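Working notes, beginning with the structure itself.
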Amino acid sequence: MVFKMEGVTKLYAMGRRVTVAALREVDLTIPRGQFLAIMGPSGSGKSTLMHILGCLDRPSSGSYLLEGEDLTTKGDDSLADFRNCRMGFVFQSYNLLPRLDAMENVEVPLVYRGVPGRERRRRAERALARVGLADRLHHLPSELSGGEQQRVAIARSLVGEPSVIFADEPTGNLDTVTGREVIGLFEESWRQGITVVVVTHEEALARYAERVVRLRDGRIVADERTARRGEDQ
């Protein structure tokens, strides 16, 4: 999938008379198969940008094209179906359902697709094995470490074989070593042809990406290629 934003602005009403611009006239193209890091200080608009890219929010103005199709014209149900079938999401807080075990959490996107139970379990087991959790299938989130919970979240994002993964501060609650292991999973997915978009404030993490876009006050202030970690050593 090729993502293209043109003149995207996002406004939020703060009370009756105050309007805040989270994004201002953003132009951004993300080619298929790219590993992109979005960086910026708190309040720069980076999470808002990811939410619009991931069809979790809509721009106030401007266009957002995916493979030439303007997603701003789609209804909420169409966008929900699109997200479920084409996109995977990973968040800082994991967003696991506490009463479901690891395998059941990973199955959730497939439930919404109507995938039969036996096939759901097969795919969930395979996704969890892929992130190194084949021996944690029936553990509840409360029985897993933070790194293991994030691995479950990554398995959930991969189980539907998405074209793109969006990750918002995925290592924010993790120690340095575990964070590197998690970003390594994103790198592996990218090498297998999946587009990866990561929002982060960590320079060390951004070095794993091949491109870094920096925001400040809702505007892109830098767009640069990187000397990727591992390729410059």
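Given the structure is predicted, the values throughout are model-derived calculations rather than measurements. Any value given below was found using the heavy atoms of this structure, including those in side chains, with hydrogens, waters and symmetry copies removed.
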Could you walk me through whether Val159 and Arg126 pass side-chain contact (heavy atoms from CB on, under 4.5 Å), step by step?
CA-CA 8 Å; Val159 73; Arg126 184 174 61 186; over 6 Å; no
Salt bridge (Lys or Arg N to Asp or Glu O under 4.0 Å) evaluation trace for Glu187 with Arg191:
CA-CA 6 Å; Glu187 183 176 32; Arg191 291 190 181 280; 3.5 Å; yes
Working for side-chain contact (heavy atoms from CB on, under 4.5 Å), residues Lys4 and Glu6:
CA-CA 7 Å; Lys4 186 172 185 179; Glu6 294 183 336; 3.0 Å; yes
Step by step, would you call Glu202 with Thr171 a side-chain contact (heavy atoms from CB on, under 4.5 Å)?
CA-CA 9 Å; Glu202 301 180 41; Thr171 62; 3.0 Å; yes
Any chance you could lay out the salt bridge (Lys or Arg N to Asp or Glu O under 4.0 Å) test for Arg123 and Glu161, step after step, and finish with the verdict?
CA-CA 10 Å; Arg123 293 190 193 181; Glu161 300 179 350; 5.9 Å; no
Candidate pair Leu65 and Val2, rule side-chain contact (heavy atoms from CB on, under 4.5 Å), full reasoning
CA-CA 8 Å; Leu65 305 178; Val2 178; over 6 Å; no
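With hydrogens and angles ignored, the 3.5 Å screen pairs no side-chain donor or acceptor of Glu119 with any backbone N or O of Pro116. Formation of a donor-acceptor pair under 3.5 Å by the Lys46 side chain with backbone atoms of Gly40 is found in this model. Formation of a donor-acceptor pair under 3.5 Å by the Asp168 side chain with backbone atoms of Phe91 is not found in this model. With hydrogens and angles disregarded, no donor-acceptor distance shorter than 3.5 Å links the side chain of Asn84 to the backbone of Ala80. Here the side chain of Trp190 pairs no donor or acceptor atom with the backbone of Thr195 at under 3.5 angstrom.
Within 6.0 Å of CG on Asp77 lie no more than 12 heavy atoms contributed by other residues, nucleotides or ligands. Within a 6.0 Å radius of CG in Asp217, no more than 12 heavy atoms belonging to other residues, nucleotides or ligands are found. When the shell of 6.0 Å around OH of Tyr12 is examined, it contains more than 12 heavy atoms from other residues, nucleotides or ligands.
For Asp57, the salt bridge (Lys or Arg N to Asp or Glu O under 4.0 Å) partners at least two apart in sequence or on another chain are Lys10. With sequence neighbours excluded, no residue satisfies side chain to side chain donor-acceptor pair (under 3.5 Å) with Arg83. Judged as a side chain to side chain donor-acceptor pair (under 3.5 Å), and not counting sequence neighbours, the contacts of Asp76 are Arg58. In terms of the side chain to side chain donor-acceptor pair (under 3.5 Å) criterion, residue partners of His201 (sequence neighbours excluded) are, by chain and number, Glu169.
Residues Val8 and Leu56 fall within the same hydrophobic cluster, defined by Ile, Leu, Val, Met, Phe, Trp and Tyr side chains chained together at heavy-atom separations under 4.5 Å. A continuous path of hydrophobic side-chain contacts links Leu137 to Leu185 [ILVMFWY only; heavy atoms under 4.5 Å]. Placement of Phe3 and Phe82 within a single hydrophobic cluster is found when ILVMFWY residues are connected by side-chain heavy-atom separations under 4.5 Å, directly or transitively. Tracing side-chain contacts under 4.5 Å through hydrophobic residues (I, L, V, M, F, W, Y), one reaches Tyr64 starting from Val26; they form part of the same cluster. Residues Leu174 and Met39 do not share a hydrophobic cluster, clusters being chains of Ile/Leu/Val/Met/Phe/Trp/Tyr side chains in contact below 4.5 Å.
Inter-residue side-chain proximity for Leu53 and Ile30 is flagged as met; some heavy-atom pair is nearer than 4.5 Å. The side-chain heavy atoms of Arg180 and Tyr208, taken from C-beta on, include a pair separated by under 4.5 Å. In this structure, His139 and Arg136 have side chains that are in contact, with non-hydrogen atoms separated by less than 4.5 Å. The closest side-chain heavy-atom distance from Leu100 to Leu140 is not below 4.5 Å. No side-chain heavy atom of Leu23 sits under 4.5 Å from any side-chain heavy atom of Pro59. Looking at Arg211 and Phe35, their side chains never come closer than 4.5 Å, going by heavy atoms from C-beta outward. Side-chain contact between Val198 and Leu36 is absent, with no heavy atoms from C-beta onward closer than 4.5 Å. Two residues are said to be in side-chain contact when any heavy atoms from C-beta on lie closer than 4.5 Å; Thr9 and Leu11 meet this criterion.
To the nearest 0.5 Å, atom CG of residue Leu66 and atom OG1 of residue Thr72 are 12.0 Å apart. Separation of atoms CG (Leu96) and CD (Glu148) is listed at 11.5 Å; rounding is to 0.5 Å. Between Glu188 atom CD and Ile194 atom CD1 the span is 9.5 Å, to the nearest 0.5 Å. Atom CG of Asn105 is separated from atom CG of Leu128 by 9.5 Å, given to the nearest 0.5 angstrom. In this structure, Arg219 CZ and Ser44 OG are separated by 13.5 Å, a value rounded to the nearest 0.5 Å. Interatomic distance, Arg207 CZ to Thr200 OG1, rounded to the nearest 0.5 Å: 13.5 Å.
When all heavy atoms are compared, the tightest approach of Gly160 to Leu110 is CA-CD2, 4.3 Å. The two residues Ile220 and Asp27 come nearest to each other via the heavy atoms CD1-O, 3.5 Å. In plain terms, the two heavy atoms of Leu158 and Ser189 that are nearest each other are CD2-OG, 3.5 Å. Across Val106 and Ala127, no two heavy atoms sit closer than the pair CG1-CB, 4.2 Å. Closest approach of Ser157 to Ile165, counting heavy atoms only: OG-CD1, 3.9 Å. Among all heavy-atom pairs drawn from Cys55 and Leu71, the shortest one is SG-CD1, 3.4 Å.
Judged purely by distance below 3.5 Å, without hydrogens or angles, the side chains of Asp70 and Thr73 never pair a donor atom with an acceptor atom. Side-chain N/O atoms of Glu210 and Thr226 include no donor and acceptor closer than 3.5 Å.
Between Phe89 and Phe166, the ring-plane angle classifies as parallel under the 30° and 60° cut-offs.
One finds no salt bridge joining Arg121 and Glu125 here, because no Lys/Arg side-chain nitrogen approaches an Asp/Glu carboxylate oxygen to under 4.0 Å.
Val111 belongs to no multi-residue hydrophobic cluster, having no ILVMFWY side-chain contact under 4.5 Å with any other such residue.
Sorted by first then second residue, the salt bridge (Lys or Arg N to Asp or Glu O under 4.0 Å) pairs that include residues 102-118, not counting sequence neighbours, are Glu107-Arg120.
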